[in-house]
Amino acid sequence: MIEVLSRLTKLEHLGHPTTSKEELASRFTDLVPALTARQALIESQRCLYCYDAPCTRICPSDIDVASFIRNIANENINGAAKTILQENIFGGSCSRVCPTEILCEQSCVRNHDAEGQPVKIGLLQRHAIDNMQFDKHPFERATVTGRTVAVVGAGPAGLSCAHRLAMLGNDVVVFESHAKAGGLNEYGIAKYKLPDDFAQREVDFLLEIGGITIQYGQTLGGNLKLSDLRQQYDAVFLALGLGASRELGLTGEDAAGLLSAVDYIAELRQADDLSKLPLASRCLVIGAGNTAIDMAVQMARLGADDVTVVYRRGTESMSATEHEQDIAKAHQVRLKTWAQPQQILLDEAGRVRGMRFEKTRMDGARLVGTGESFDIAADAIFKAIGQSLDAASINDALAVELEKQGDKIHVDDSFRTSVSGVYAGGDCVAPGQDLTVQAVQHGKLAAAAIHQDLLSNSLSKKEAA
């Protein structure tokens, strides 16, 4: 967190929340309360347990939704939990952060009957995971293969891969740059979505499988080289995520008061006392995704007087779901659309005092400026315009091939990179959406491919890259 802390110095001129530590903590509890046992039983009985259920077909991690819900209806919570976890070892966090409203619940057939309401699949999944009671880890390791795989990145993709490899009998060493495992679950998700140290409890549960060790403070491209890993291990799985924040490309981007949203969220996630965080009275968030919404809502919960999310297109083009947009509106966050950042406005001391925007419109399929501009005053501006792959981290003797755009690692259908014995998955590769559940699926499928390749003797420690 040293790098993040140093970046927060750009906000040190700001004040702090005026609300007490205890009151602030109460604002970052669960966004949606869990179901009671009775509520879960009643809700599970609404399910029609469809054959070839559309909710299962659309689930990125292939969870047998009808089966786990039937188990809840039969009051077999452990059975429900195991059905979920055998496909998605991060079933607990995914039940909280997965956009079920546009995936399984949108596909639920009950949307089209007299009730017109889907089964609450996400809350039922959470109920199963939160209330499971196993005497030991629900999965056992297969016969030890004698192979060891290096996994770079202890986020959902990396740990999902590690868990499945361990289940299949392989040993795994995970290399993580931060002081904690969990990736975005630990550092990048809104605090009210995964409260009460849930991310770490989920990691601890996952590691109970055995055969997995984690080494912290290990950064690829720094004290860790891909070429060395390829020589020392039977295979390597890259789960790097997207660590480099995109730039606005405007003069003054390094000014005090302007910061990447993910840096602030990371610090907020780790803070024991939220009242010590720097807080601007007037906040601008530039972006259109879930990170932009997470940032804006958390600023509102900390006590900011005026929070505005600005996007260059219309709300229908925002990657944040309608559900997320509604959360923002419920917190009095303003959504200002059709506005392109044009100039960072600074005061006499060189600190942010606002931003100038140019109004935009569509000219056919092309977004264009109208030439008309306006200013929004702000004490702090947070960029949430996406992140990209830090290509320098893999730029050594075994540089893997990137996609044509240069911001993702190119992989085949089995998550193999251009370098023999090196695989990649999660946000750092092109297939799929940038969702936690998608990253988990990548890790699981990559583990199966790695294991199969190891069994077929196509890989070895001695193989030259």
Side-chain angles (χ1 to χ4, degrees), residues 17 19 23-35 92-106 108 111 117-126 184-196 198-199 260-262 264-266 268-269 271 274 277 279-280 282-311 313-337 339 378 380-386 433-438:
T19 310
E23 170 61 24
L24 286 175
S26 71
R27 295 180 185 177
F28 285 83
T29 55
D30 276 325
L31 183 65
V32 179
L35 298 174
S93 58
C94 285
S95 70
R96 290 161 165 82
V97 305
C98 184
T100 55
E101 67 276 4
I102 62 170
L103 293 172
C104 53
E105 291 178 11
Q106 188 178 63
C108 180
N111 283 303
Q117 293 292 327
V119 174
K120 297 175 181 175
I121 298 170
L123 284 172
L124 287 173
Q125 180 169 314
R126 174 180 171 177
L184 286 181
N185 282 359
E186 178 60 39
Y187 293 103
I189 298 292
K191 195 176 182 72
Y192 56 80
K193 291 181 178 178
L194 290 175
D196 303 324
F198 184 86
S260 170
V262 294
Y264 191 98
I265 292 173
L268 189 155
R269 290 275 310 171
L274 298 177
L277 291 171
L279 177 66
R282 301 170 299 177
C283 301
L284 277 178
V285 182
I286 312 301
N290 288 343
T291 297
I293 299 297
D294 284 357
M295 184 69 206
V297 171
Q298 289 180 116
M299 290 298 96
R301 289 193 171 203
L302 285 174
D305 295 322
D306 187 353
V307 184
T308 305
V309 173
V310 185
Y311 178 45
R313 300 179 187 271
T315 54
E316 71 284 351
S317 299
M318 294 180 71
S319 56
T321 65
E322 185 176 347
H323 172 69
E324 291 288 332
Q325 294 178 43
D326 287 342
I327 292 172
K329 293 172 184 176
H331 286 80
Q332 287 74 54
V333 172
R334 291 185 297 172
L335 301 180
K336 180 67 176 176
T337 55
I381 300 172
F382 298 96
K383 298 179 296 182
I385 55 175
Q433 299 172 285
D434 292 341
L435 298 173
T436 299
V437 65
Q438 184 72 74

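In what follows, every heavy atom counts, from backbone to side chain, and hydrogens, waters and symmetry copies are set aside. Please read all numbers here as calculations on a predicted model, not as lab measurements.
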Item to check | Contact check, side chains of Lys329 and Leu335, non-hydrogen atoms, under 4.5 Å | outcome: yes

Checklist entry - Okay, side chain of Arg282, backbone of Asp306: is any donor-acceptor separation there less than 3.5 Å? => result no

Next on the checklist: What I'd like to find out is whether the side chain of Val97 reaches to under 4.5 Å of the side chain of Leu184, using heavy atoms alone.
Outcome noted: no

Checklist entry - CG/Asp294 to CZ/Arg269 distance, rounded to the nearest 0.5 angstrom? => result 10.0 Å

Checklist entry - Which residues satisfy the side-chain hydrogen bond (donor to acceptor under 3.5 Å, both in side chains) test with Asp326, sequence neighbours excluded? => result none

Item to check | Partner set under side-chain contact (heavy atoms from CB on, under 4.5 Å) for Asn111, not counting sequence neighbours | outcome: Cys108, Pro118

Checklist outcome for this item: For Ala320 and Asn290, the nearest pair of non-hydrogen atoms, with its separation, is CA-OD1, 3.4 Å

Item to check | Leu274 vs Arg27, side chain to side chain contact (heavy atoms under 4.5 Å, CB included): CA-CA, chis, key distance, verdict | outcome: CA-CA 10 Å; Leu274 298 177; Arg27 295 180 185 177; over 6 Å; no

Checklist entry - In Å and rounded to the nearest 0.5 Å, what is the CD to OH distance from Gln325 to Tyr311? => result 10.0 Å

Item to check | Partner of Cys94 by side chain to side chain contact (heavy atoms under 4.5 Å, CB included), out of Thr100, Thr436, Leu435 | outcome: Thr436

Item to check | Sequence-distant partners of Glu105, salt bridge (charged side-chain N to carboxylate O under 4.0 Å, His left out), two or more places apart | outcome: none

Checklist outcome for this item: Sorted by chain and residue number, the salt bridge (charged side-chain N to carboxylate O under 4.0 Å, His left out) partners of Arg301 (sequence neighbours excluded) come out as none

Item to check | Enclosure of Glu23 CD (heavy-atom neighbours >12, cutoff 6.0 Å) | outcome: yes

Item to check | side-chain hydrogen bond (donor to acceptor under 3.5 Å, both in side chains) against Glu324, all qualifying residues, sequence neighbours excluded | outcome: Lys193

Checklist outcome for this item: Looking only at heavy atoms, the pair that brings Val285 and Ala384 closest together is CG1-CB, 4.2 Å

Checklist outcome for this item: Sorted by chain and number, sequence neighbours left out, salt bridge (charged side-chain N to carboxylate O under 4.0 Å, His left out) with Arg313 holds for none

Checklist entry - Excluding sequence neighbours, so at least two apart, what forms side-chain contact (heavy atoms from CB on, under 4.5 Å) with Ile385? => result Arg246, Leu248, Ile286

Checklist outcome for this item: Taken in chain and number order and not counting sequence neighbours, the residues that satisfy side-chain hydrogen bond (donor to acceptor under 3.5 Å, both in side chains) with Gln106 are none

Checklist entry - Do the side chains of Pro99 and His323 get nearer than 4.5 Å, heavy atoms only? => result no

Item to check | All side-chain hydrogen bond (donor to acceptor under 3.5 Å, both in side chains) counterparts of Asp30, not counting sequence neighbours | outcome: Arg126

Next on the checklist: According to salt bridge (charged side-chain N to carboxylate O under 4.0 Å, His left out), who are the partners of Glu101, at least two apart in sequence or on a separate chain?
Outcome noted: none

Checklist entry - Looking at CG of Leu124 and OG of Ser95, how far apart are the two atoms once the value is rounded to the nearest 0.5 Å? => result 10.0 Å

Item to check | Qualifying residues under side-chain contact (heavy atoms from CB on, under 4.5 Å), relative to Ser93, sequence neighbours excluded | outcome: Phe90, Asn185, Leu194, Phe198, Glu202

Checklist entry - Just wondering, do Met299 and Leu279 contact through their side chains at under 4.5 Å, heavy atoms? => result yes

Checklist entry - How would you list, by chain and number, every residue that makes a ring pair (Phe, Tyr, Trp, His ring centres under 6.0 Å) with Phe382, sequence neighbours excluded? => result Tyr264

Checklist entry - Ala300 and Val333: which non-hydrogen atoms are nearest, and at how many Å? => result CB-CG2, 4.4 Å

Checklist entry - What is the minimum heavy-atom distance between Gly287 and Ala292, and which atoms define it? => result C-CB, 3.8 Å

Checklist outcome for this item: Looking only at heavy atoms, the pair that brings Leu103 and Cys98 closest together is CD1-SG, 3.7 Å

Checklist entry - Shortest non-hydrogen contact from Leu302 to Leu24? => result O-CD2, 3.8 Å

Item to check | Within-4.5 Å side-chain heavy-atom neighbours: Phe28 and Gln298 | outcome: yes

Checklist entry - Do Ile189 and Arg96 touch side chain to side chain, with heavy atoms closer than 4.5 Å? => result no

